[in-house]
Amino acid sequence: MNTTISMQSLINFFLAVVFAPLLIGLINRTKAWFAGRRGQPLFQLYYDLAKLARKGAVYSRTTGWLFRAGPAVGLAAAIVAAALVPFGGAPGLIRFDGDLVLFAYCFGLMRFLTVLGALDTGSSFEGMGASREVTFSALAEPAMFLALAALVRRTESLSLSGIYAGIDVEVWRTSPALLLLVIGTLVVVLLAENSRIPVDDPNTHLELTMIHEVMVLDHGGPDFGFILYGGAVKLWAMSALISGLIVPGHFGPWCGTLSGVLCMFVLAMVVGIIESVMARLRLLRVPQLLVGGAALSAVALMITLS
Amino acid sequence: MLGILTGIIILLASGFLALLIRGRRLWASYVGAGGVVAAAVLGVVSSARILSSGGVESLRLAWALPLGELHVSVDALSAVFLLAVFGMSGLSAVYGIEYLAPYGGRKPLGVSWFFFNLLAASMVMVLVARDAVLFLIAWETMSLASFFLVAFENERAEVREAAWTYLVATHLGTAFLLVMFALLGRAAGCFDFDRFGELKLLSGNMGSVLFILALVGFGTKAGFMPVHVWLPEAHPAAPSHVSALMSGVMIKTGIYGLVRVLTWAERPVWWWGYLMVAIGLTSGVFGVLFALAQHDLKRLLAYHSVENIGIIGTGIGVGLIGMSFDLPALVVLGFSGAFLHVINHAIFKGLLFLAAGAVLHETGTRNIERLGGLIKSMPWTGLAFFVGAAAICGLPPLNGFVSELLIYLGAFNGAKSMAALVAAPMLAVVVGLALIGGLAAACFAKAFGIVFQGEPRSEQAAHAHECVGLMRVPMLFLAIGCALIGLFGPWVVSVLAPAVECVSGLPLSSVAGQLATSMRPLTLVAGCGVVLIMLGAGFALVRWRLLRHRSVSTAVTWDCGYVRPTARMQYTASSFAQPLTALFSPVLRTARKAVAIDDVFPGHSELETHTPDVAGEFLFRPIFSGVGALFSRLLWLQQGRLQVYILYVAIALVTLLVWKTR
């Protein structure tokens, strides 16, 4: 590992931290374009974050220290996860064998804190959202591990950076089915974990139908800013797993990063298109979607086993 | 060695002394617990010394029994388990002083302490015994002592029922062990463990038979599915410090026994590892699923013990597969993950049971649906439970993550292997652990969120107070332990190397070499943990700076503008778990009793759900009722008349005489 590569990793990490909110803006602009609206500005989330940082806070009387600590630690977990992801052909800022487990469990920690924050309010709505969140994530987690296990098997590497360094045009040529299936699983997991349609609708207005949004109803001010920003970083980190497969890098450091960022933007637009062309599933159907997503990777694994 | 034997003597002496003390005061508790603490300090120091030196210390004495001899020894494998036993015994004893205080006037506490100390002493004896006869005596003493401890509140019918279930289960398990040791003894010509090891008696078809016997016998104590049925009965019935000790360390003696037997294997047959992985994953997934469906806090924790024993079993399975296929990475990672999880589970499950006990002590109920908001009235207990819950879910930066990471690493290492025979079970391990992790997070979000957060759901919960210092201190120690192992993972794992060497049969240098490759991940995980904590603290500081001069007010929770919210409108534990329990209803078979609302104006209505244990209900109940029916056919033998019984004795004697003189 020479210094230029670690430099690129550092730059990639800053790109993740800086451009993450832009992905949300892109998704929303795509949805607006599909609906024939002008839509909110591309940088709306940045304005929102700036506004929230300037606000005071109103807390529910029922809540305690966990409610206040949760968003800060959750954001920290998302940033640590972002530091593990390889991007644009360069390894992640931190890399070691088994970092993919830490990657998944960082989001586990973030989710655990959000769920406990929701239950801290004693609100029935938030309890309902929390209950759905833990149900879907318990199914999404094995799906993600299956997808990563298929990649581990293909590239014979145990770290995210090693896996993505091992994905190149040659892998696409020899086992395209495997990669396509894995991408399929990762897209399902991405949509479920980041509360997008068809699992959750971030724009819904009725508390009873929300999943993620309802859990953070009682958060406000800087806390809510942390949650929104943390969600954006999570979206970036998980999308990077997909873009790393689609654009395998190896174009040299700068081209790699540039193509990676472009791929991320395209991916955000694809998410926007998915959100525009389909309605969200009935809650009872979501487990079927997640198990179906896991099944894709199970098939991919069978390909590698044979 | 001397320190550990002195520890046993202190435990027994203080137990007997506590038994002699009568009266209402707590002197019996002070004597009993004092003895345990003294023995614990001595034992922890000596076993840590043996573990760090990597040596083996043993002692042989002659004794008067016709079979066996008094042969005790401590090697690294014993030392790992001894650390957990001594540590947890001392901490739960300190907690027990206050916990038992309310019973002081009504019950002879000396008896309880006698059995507590006897349990601790017999567990130590089980771990150091190197002779089958001595081992079985210690094993049986352990079972009986814990039976009497479970039956502490024997005036309650359900406690008697639970203690009875435990007694039957543990003896059925012991029966398998008796057969196993008899076979081993016949093959070796003596009952010495060292001899079993030298002869490598676990090989060939006989080895597989012995392995199955050990798996059932020790698995019953450990709580593998489906022979786990006593755990969810006995743990809620026992006093909480006893639950912590039993769930934290006593069930681990089953794991110890299994691993000890495995050290006598030449080379495990390939399907042993498969079977271990299958049993481990079944226990893990089903344990956590049944935990999700429970309303009783301590019962929920008991099912989580089944889950964690499953994770430990999975780690052992990974190690076994590694041994059969000559993959040292799997051996070292699987076994070191399993051993670390033994210690970790002792810490966080002990912590959780102690915290649940504090809740029970202060509110008088274990029913999750009647609790709520306790973190405000019991901040220390709440913090302790939170740390324990996050650790048991395997969340970074706490200790549960480190041991699960080791098992994951082993499984991923196997998954990339070209041999499909290795890769397939390892992929199952990866997916199984991920599913267990997700479900455990759901279950502990429920346990912590409903019990400690929100508003109190009953009078008892509303009037709870924080428990006293003596109960708080052990919880605090254990919570700190969770964080320390999480942050000093690499160091702890390197200490475990001699124990892995013991079971794997690999030379220490190869174990250490293999562990060295996993040092980098562990060090970086610890580093990431520190970064995570610092970043979190940094963001909290930013938040504090931002809000310092601004208006921070409080209001009611958002309720859509409803005028009169009540605590009863909160989401309940059952409703929180409902999506998952509904999804897995074919396995859980929750019984549901509801009064349907069919009026235009709904009036009184009720809903009751109960999730009986699937193995108890559909496997053991039919077997036992079948056996009962079979034996009831022999009831005509029991006439109730003395003359008939004397006739039986006479017939038996004559038959024996005829048989002998034949």
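Every chain is numbered from 1 and lettered A, B, ... according to where its sequence line falls, protein lines coming before strand lines.
The contact between A:Leu102 and chain B is made by backbone and side chain atoms together, counting heavy-atom distances below 4.5 Å. Contact annotation for B:Leu435: both backbone and side-chain heavy atoms come within less than 4.5 Å of a heavy atom of chain A. Residue A:Leu284 does not touch chain B at all, counting heavy-atom pairs closer than 4.5 Å. In this structure, no portion of B:Cys443 lies under 4.5 Å from any heavy atom of chain A. Proximity to chain A (any heavy atom under 4.5 Å) is shown, for B:Ala390, by both the backbone and the side chain. Neither the backbone nor the side chain of A:Ala69 comes within contact range of chain B; no heavy atoms are under 4.5 Å apart. Proximity to chain A is limited to the side chain of B:Ile375, based on heavy atoms less than 4.5 angstrom apart. Contact of B:Ala555 with chain A is made through backbone and side chain together, with heavy-atom distances under 4.5 Å. In this structure, chain A has heavy atoms under 4.5 Å from both the backbone and the side chain of B:Leu439. Only the side chain of A:Leu301 comes within contact range of chain B, with heavy atoms under 4.5 Å apart. Using a 4.5 Å cut-off between heavy atoms, A:Ile94 touches chain B through its side chain atoms alone.
With respect to chain A, the highest number of heavy-atom pairs below 4.5 Å among B:Gly449, B:Pro521, B:Ala440 belongs to B:Pro521. Interface check for chain A: of the options B:Leu405, B:Val542, B:Val525, B:Leu524, the most heavy-atom pairs under 4.5 Å are formed by B:Leu524. Counting heavy-atom pairs closer than 4.5 Å to chain B, the top residue among A:Val152, A:Leu148, A:Leu84 is A:Val152. Put simply, of A:Ala57, A:Gly56, A:Pro222, the one with the most heavy-atom pairs under 4.5 Å next to chain B is A:Ala57. Ranked by heavy-atom pairs shorter than 4.5 Å toward chain A, the options B:Leu395, B:Val531, B:Leu541 are led by B:Leu395.
Against chain B, the residues from residues 70-83 of chain A that qualify, each with a non-hydrogen atom under 4.5 angstrom away, are A:Ala72, A:Val73, A:Leu75, A:Ala76, A:Ala77, A:Ile79, A:Val80 in number order.
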Any idea which donor-acceptor pairs are under 3.5 Å between chain A and chain B?
unit_1	atom_1	unit_2	atom_2	d
A:Ala53	O	B:Arg550	NH1	2.8
A:Ala53	O	B:Arg550	NH2	3.1
A:Arg54	O	B:Arg550	NE	3.4
A:Lys55	O	B:Arg550	NH1	2.8
A:Ala57	N	B:Ser551	O	3.1
A:Ala57	O	B:Ser553	N	3.0
A:Tyr59	N	B:Ser553	O	2.7
A:Tyr59	O	B:Ala555	N	2.8
A:Tyr59	OH	B:Arg543	NE	3.4
A:Tyr59	OH	B:Arg543	NH2	2.9
A:Ser60	OG	B:Thr557	OG1	2.5
A:Arg61	N	B:Ala555	O	2.7
A:Thr62	O	B:Lys376	NZ	2.7
A:Thr62	OG1	B:Glu455	OE2	2.7
A:Arg95	O	B:Arg520	NH2	2.4
A:Tyr105	OH	B:Glu404	OE1	3.4
A:Tyr105	OH	B:Tyr408	OH	3.0
A:Leu116	O	B:Gln453	NE2	3.3
A:Asp120	OD1	B:Gln453	NE2	3.4
A:Thr121	O	B:Thr557	OG1	2.9
A:Ser124	OG	B:Met569	O	2.9
A:Ser131	OG	B:Phe576	O	2.7
A:Arg153	NH1	B:Ala415	O	2.7
A:Arg153	NH1	B:Ser417	O	2.5
A:Glu207	OE2	B:Trp558	NE1	2.8
A:Asp218	OD1	B:Trp558	N	3.3
A:Asp218	OD2	B:Trp558	N	3.4
A:Asp223	OD1	B:Arg543	NE	2.9

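Of all non-hydrogen atoms in B:Val431 and A:Pro142, the two that sit nearest each other are CG1-CB, 3.9 Å. Across A:Ala138 and B:Gly438, no two heavy atoms sit closer than the pair CB-C, 3.8 Å. Contact between A:Leu109 and B:Pro396 at its shortest, heavy atoms only, is CD2-O, 3.5 Å. The two residues A:Phe145 and B:Ala434 make their nearest non-hydrogen contact at CD1-CB, 3.3 Å. Minimum interatomic distance between A:Ala149 and B:Leu427 (heavy atoms only, all atoms of both residues): CB-CD2, 3.7 Å. Residue A:Gly127 comes nearest to B:Phe576 through the heavy atom pair O-CD1, 3.8 Å, listed as atom of the first residue, atom of the second, then distance.
Within 6.0 Å of CE on B:Met569 lie more than 12 heavy atoms contributed by other residues, nucleotides or ligands. More than 12 non-hydrogen atoms from other residues, nucleotides or ligands lie less than 6.0 angstrom from CE of B:Met519.
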Applying side chain to side chain contact (heavy atoms under 4.5 Å, CB included), run through A:Val101 and B:Phe401 and close with a yes or a no.
CA-CA 9 Å; A:Val101 183; B:Phe401 181 73; 3.9 Å; yes
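Of the residues listed (A:Leu119, A:Leu66, A:Val115), the one engaging B:Phe448 in a side-chain contact (heavy atoms from CB on, under 4.5 Å) is A:Leu66, and it is the only one.
Applying the ring-ring contact (aromatic ring centres under 6.0 Å, His included) test to A:Phe226 and every residue at least two apart in sequence or in another chain returns B:Phe539. Residues forming a ring-ring contact (aromatic ring centres under 6.0 Å, His included) with A:Phe103 (at least two apart in sequence, or on another chain): A:Phe107.
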